[in-house]
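Structure record follows, encoded as C-alpha cells.
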Amino acid sequence: MSTKTHTYRWTSVLAIFMALALVLTACVAPAVPQAPPPAEPVSAPEAAPAAEQTEEPVEVVFWAALGGNNGKILEDMVTEFNASQNEVQVKYEFQGAYSDTEQKFLTALAADLVPDLVMLEISRIPGFANAEALLPLDDFANGPDGIDQSDFAEALLNESRINGKLYSLPQARSMPVFYYNKTMFEEAGLDSSKAPENWDALREAAIAVTKEDGSQIGFGIQIGNPWWYFQEAVENIGADVSRADPACAPTFNEAEAVAALQWWYDLVNSDGAAKIYAGQGLTTWEQLQADFISGKVGMMYITTGWMGNIEANSPFEVGVGMLAAGPSDVRKAPTGGNGLVIPAKAPEDKQVAAWTFLKWLTDTPQTAAWAKATGYMPLRLSAINDPALQAYFQERPNFKVAVEQMQYASGFPCIKLHPKTERTLDVLWERIFVGQEEVQTVADETAAEVEVLMQEMKP
C-alpha cells in the first residue's frame, strides 16, 4: 500500500497540525501448498486439490454516538451484518453523545490513532472535511460497488457534499412534524381529522384552542435549541436562511425572512396564542413535550423520534400532520441527526471495508427496518414502499405522515454548518422572544456576527 500524507488545517477547534506520514503495511496472502506430482503419470490417482486460501476478515472499528435503545438497535444491526458475510467484521464502539464522539475523534486525529468509521452530528462534518480529515466518498459511491444516489432524499445528500465532494452518508435522521391534541380541536369546534394546512389555519387553530385563564395554550415554541423553528419559519415563507454561493452569506435579515420571524413573534405576543419555552439544551424540548401530554399545550412542532413516547403517554388521541405551509404554499421540513464518515487516515483496506458496511447499513431493507424500530426517517425513497414498512404504516398511520414529509426535506443551510453559529442564533431567538427586541434590528446585528464567523471558517 502507498504512503499517504495529509495536512490538517483546523480552524475553530485545533491549531494547525504538523504534516504527518502514515505508513501502511501491505497484507501478504499465505502461500498455497501444491499437490505433489504423481509418481506414474499413466496410472497415478487424481491429484489432491490445492488448499483453499483463507484470509481473516478485515476488522472495521466503528465509533457510534447513539445510546439507549437506539444504540442497542444499531448494535444489533452490526451483529446482523457481521453474521451475513465473512469479508468484513465491524467492531461497534459507543463513544458517548455527539459532542463526546467529536472530541474523541479530534484526539484520535492528533495521535494518529483513528477509527475506521465515525458517526458525527451533521453540522460538524464540514469542519473536519475542510481540514482534510475525512475521505471523500465519491470514488466509492460512483464506482462499481456504488449506490443509487437518486434513491436518497436529495436534501440529505446535498448537505453531505462539501466543496463539491461527498464526505458522508446520512444514518439517523429526524425532522419535526406537527402534533396536535384532537380532543382540544373538537372542543374548540375544529376539524380534528386533519392538521392545519398553512400558517393562516394554524393561527386560527392556536387562537381557538387557547383559553383566557391561561390553563390551555394553543401552540408551544421551544427556543433552547431553536434551529428547526428558525429554519422552518424562514424557508416556508419562501426566503433563505443563507445563500451558499459565493460565500455563504447570511440572508435571514432580508425583508421576507424577517416577516416570517415576525409572524411567530406576533403569534406569541399579539395573539397570545403561543407560549415560549426558553432555556438551553433538550430540557426545553422535554418540558414542551410534557405540557403537550398533560393537556396544557394543544399543538407543537417536535421531532419524529419522540412520536412513540407521545402517543403512548397522551391520554387523548394524538394527531400528526406535516409542518404548515407558508403564505405562498411553500412547504419545507428541516432535518437533524448524523452522518457517517470514513477518516482519511484510516488504512486503505479498512476504508474499503468501511464502505462495504456503510453501503449495507443505508440500503433499503436496513433503513426501512431502522425507521420502523426507532422512529427515525428512512433514508431511501424506495424504503417507503418496503412491505415491512407499509405494514407498519397500517399500525402507525401517524408515522406514515412523517415519512411522507420526507419529500419536503430541507438540508442544513451553510451557516449552520459551523460550531460557533449555533449559540449566536440561540441568542437571536432569546433577544426576540424573551427580550422582546425589535425583530429587524436583532436580525441585522446577528447576521453581521454570523458573517464574521463564516469568514473565520474559510480554509
Side-chain angles (χ1 to χ4, degrees), residues 62 64-81 84 90 92 98 119-122 147-160 168-179 195 228 285 289 301-312 318-323 332-340 357-412:
F62 173 27
L66 292 178
N69 185 59
N70 289 341
K72 178 64 168 59
I73 293 168
L74 181 58
E75 188 171 7
D76 288 345
M77 294 179 75
V78 169
T79 301
E80 178 186 351
F81 170 78
S84 71
V90 176
Y92 182 92
Y98 287 137
M119 177 185 292
L120 294 174
E121 197 271 329
I122 190 67
I147 56 175
D148 179 5
Q149 297 176 52
S150 67
D151 193 30
F152 285 81
E154 183 178 5
L156 301 187
L157 275 197
N158 283 346
E159 70 185 18
S160 299
S168 68
L169 287 186
Q171 191 268 323
R173 301 304 300 269
S174 59
M175 60 172 58
V177 289
F178 180 84
Y179 294 84
W228 276 348
W285 290 46
Q289 177 187 225
Y301 290 164
I302 216 162
T303 175
T304 55
W306 287 4
M307 187 180 296
N309 181 67
I310 292 168
E311 289 179 328
V318 177
V320 172
M322 297 186 190
L323 302 184
K332 289 190 176 181
T335 62
N338 69 50
L340 300 184
F357 171 67
L358 185 50
K359 177 184 175 182
W360 178 88
L361 185 65
T362 57
D363 203 0
T364 299
Q366 284 70 247
T367 192
W370 170 255
K372 178 180 175 181
T374 65
Y376 280 105
M377 296 293 96
L379 307 173
R380 300 275 192 144
L381 301 178
S382 57
I384 297 175
N385 297 317
D386 182 85
L389 204 52
Q390 282 289 322
Y392 188 59
F393 291 156
Q394 299 299 315
E395 303 171 19
R396 297 278 307 281
N398 280 345
F399 188 61
K400 182 180 181 181
V401 174
V403 171
E404 289 174 341
Q405 188 179 254
M406 279 293 291
Q407 64 186 300
Y408 302 110
S410 180
F412 277 24

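Note that this is a predicted model, so its numbers are computed, not measured.
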Which atom of [X] lies closest to which atom of [Y], heavy atoms considered:
X      : Y      : answer
Thr335 : Phe412 : O-CE1, 2.6 Å
Pro378 : Ala383 : CB-CB, 3.8 Å
Tyr92  : Gly71  : OH-O, 3.4 Å
Met377 : Ala402 : SD-O, 3.6 Å
Pro176 : Gln405 : O-NE2, 2.9 Å

Query - Residues Lys359, Asp363: salt bridge by 4.0 Å N-O rule - result: no
**Report entry** From CA spacing to verdict: side-chain hydrogen bond (donor to acceptor under 3.5 Å, both in side chains), Ser382, Asp151
**Finding:** CA-CA 6 Å; Ser382 57; Asp151 193 30; 2.6 Å; yes
Requested in this report: Decide yes or no on side chain to side chain contact (heavy atoms under 4.5 Å, CB included) for Asp386 and Lys372, but give the supporting numbers first.
Outcome: CA-CA 11 Å; Asp386 182 85; Lys372 178 180 175 181; over 6 Å; no
Query raised in the report: Looking at CG of Leu74 and NZ of Lys72, how far apart are the two atoms once the value is rounded to the nearest 0.5 Å?
Result: 11.0 Å
Requested in this report: Tell me, with the steps shown, if Leu389 and Tyr392 meet side chain to side chain contact (heavy atoms under 4.5 Å, CB included).
Outcome: CA-CA 5 Å; Leu389 204 52; Tyr392 188 59; 4.3 Å; yes
Requested in this report: Look only at the side chain of Gln171 and the backbone of Leu340, and say whether a donor-acceptor pair between them is shorter than 3.5 Å.
Outcome: no
Requested in this report: Start with the C-alpha distance between Ile122 and Arg173, add both sets of side-chain angles, then the distance that settles side chain to side chain contact (heavy atoms under 4.5 Å, CB included), and finish with yes or no.
Outcome: CA-CA 9 Å; Ile122 190 67; Arg173 301 304 300 269; 4.2 Å; yes
**Report entry** Atom CD of Gln390: over 12 foreign heavy atoms under 6.0 Å
**Finding:** yes
Query raised in the report: Hey, mind stepping through Tyr179 and Asn398 against side chain to side chain contact (heavy atoms under 4.5 Å, CB included) and telling me if it holds?
Result: CA-CA 10 Å; Tyr179 294 84; Asn398 280 345; over 6 Å; no
